[in-house]
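Counting convention: from 1, in listed order, for ligands and their atoms alike. Please read all numbers here as calculations on a predicted model, not as lab measurements. The figures here come from the full heavy-atom set of this structure, side chains too, leaving out hydrogens, waters and symmetry mates. FYI, the numbering just counts along the sequence from 1.
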Amino acid sequence: MNRRNFLRAAAVAPAGSGLAAPAGPSIETKILRLNLQHTWTTTMSSSQYRDTLHVAYARDGITGHGEGAPIVRYHEDAEGARKAVESVRALLLSANPMQFAKVMAEVFRRVPGEWAGKAAIDIALMDWVGQKLGIPLYTYFGLDPKDTPLTTFSIGIDTPEITKQKTREAADFPILKVKVGLATDEPTIEAVRSVTKKPLRVDANEGWKDKEEAVRKINWLEKMGVEFIEQPLPAEMIGETRWVRSRVHIPIIADEACQRASDIPKLRDAFDGVNVKLDKSGGMLEAYRMIQIAKALGMKTMLGCMVSSSVSVTAAAQLSPLVDYADLDGNLLISNDPFRGVLVEKGKLVLPGGAGLGLTRA
Ligand code: MG
């Protein structure tokens, strides 16, 4: 305990009682190792587990849970996220959590980068605030839980045989999201199509390197019943994406090109919509801002997630009544989720009714 917190704790100890001071606010940071049900391959990486950062913020007998999934694409890892949270521990312990917007603005000012760490703090505070107010976070944001969209279930890059098996396993999901962007795009889509006629959404994860290739692939995907394409070209190729957009019919959604609210205006002519993720934005508050800005600019909105537990996915799902598309399946890809929150019934997100995030222990 630093000197200021010691003095705060001492100040609230019952005078003359001789008893120890009541437990003040506390913060716990923990790296969660989440085991994947299938080895997960995209254009960026291939792995059997993912580490995320879990933050527990306790005060007044209420514990708020937060989580951030570090994104390798932005040079983040779980240890860096943990250090980022530790760097603002004193601020968080001394702050009034009901002033969460002010607190998060200060966290954003003090911590460069480390969006997953910031997201873990923001979500823990929001979960705490919702519980303190006794309302679910969707109610705090003025949303109707019946308005949640369908979520896609993601099929990572794999051999045609395993792709078919994963597609069969996703029988309960009315829409699938398929990862492409390597040399195997056509066999992957054909493998999925040999099993199902469902609408598909496709994510190229910046995998195509020139605009002509992107136009060719997207026009082929449209014929294969694909609804939209996510991030066909590298994030910085915004002008080329604008060129592509004028030559294809299906919507193009920005993911890697769109991390935060300030990115959105420059994407307006090149993309039809944006994929918002709490791990990119630094939490629910910035994600909410992004959704509102995109809507104001007439763009489609999507909520996505990284591989993570039900903490982070439920936080995103609380905002999902706002968006056109959801890809919130990160908790469904793991085998050791420590929490239970949002559920999926025939593809529709079902929000828990409890206060805050509404989480329970799995
Ligand atoms: Mg994506």
Side-chain angles (χ1 to χ4, degrees), residues 36 38 40-47 50 52 68-76 115-116 119 149-158 166 170 173 175-182 184-185 188-189 192 199-209 214 217-218 221 226-238 241 244-245 248 250-260 263-264 267 270-282 287 290-291 294 299-308 312-313 316-317 319-320 323-333:
L36 289 157
H38 283 285
W40 179 248
T41 303
T42 69
T43 55
M44 281 173 271
S45 61
S46 181
S47 62
R50 288 292 167 82
T52 64
I71 304 182
V72 177
R73 167 76 171 67
Y74 305 121
H75 314 290
E76 293 187 0
W115 303 100
L150 295 172
T151 180
T152 43
F153 185 80
S154 298
I155 310 280
I157 297 172
D158 224 309
K166 289 177 174 176
F173 290 82
I175 313 169
L176 300 179
K177 172 163 150 175
V178 186
K179 296 279 193 180
V180 299
L182 296 180
T184 54
D185 298 350
T188 297
I189 297 296
V192 174
L200 303 180
R201 296 170 183 171
V202 165
D203 189 355
N205 283 113
E206 311 179 271
W208 302 327
K209 298 307 176 201
K217 297 257 191 182
I218 294 170
L221 289 169
V226 169
E227 285 187 337
F228 68 67
I229 177 81
E230 210 179 304
Q231 201 66 50
L233 290 169
E236 63 280 7
M237 291 174 67
I238 294 171
T241 305
V244 170
R245 187 182 176 217
V248 301
I250 59 176
I252 304 179
I253 308 292
D255 182 358
E256 285 82 354
C258 182
Q259 291 177 58
R260 286 173 292 287
D263 294 326
I264 299 177
L267 303 174
F271 293 89
D272 298 278
V274 295
N275 184 353
V276 174
K277 293 177 185 164
L278 274 51
D279 311 285
K280 289 191 295 186
S281 70
M290 291 176 77
I291 292 166
M299 299 176 83
K300 296 280 188 193
T301 53
M302 169 173 177
L303 270 164
C305 65
M306 305 304 290
V307 171
S308 43
S312 172
V313 176
L319 297 174
S320 71
V323 299
D324 300 297
Y325 312 117
D327 178 31
L328 296 177
D329 62 348
N331 55 332
L332 306 177
L333 302 172

Quiz item: Are side-chain N/O atoms of S154 and D329 paired as donor and acceptor at under 3.5 Å?
Solution: yes

Of all the N, O or S atoms in D255, the one nearest to the Mg ion (ligand 1) is OD2

What I want to check is whether the side chains of Q231 and D203 have a donor and an acceptor closer together than 3.5 Å. no

The Mg ion (ligand 1) has as its nearest N, O or S atom from D203 the atom OD2

Which atom of E230 is nearest the Mg ion (ligand 1), counting N, O or S only? It is OE2

Is the shortest side-chain N to carboxylate O distance from K280 to D255 below 4.0 Å? yes

One should read off an interatomic distance between R245 CZ and I229 CD1, to the nearest 0.5 angstrom, of 14.5 Å

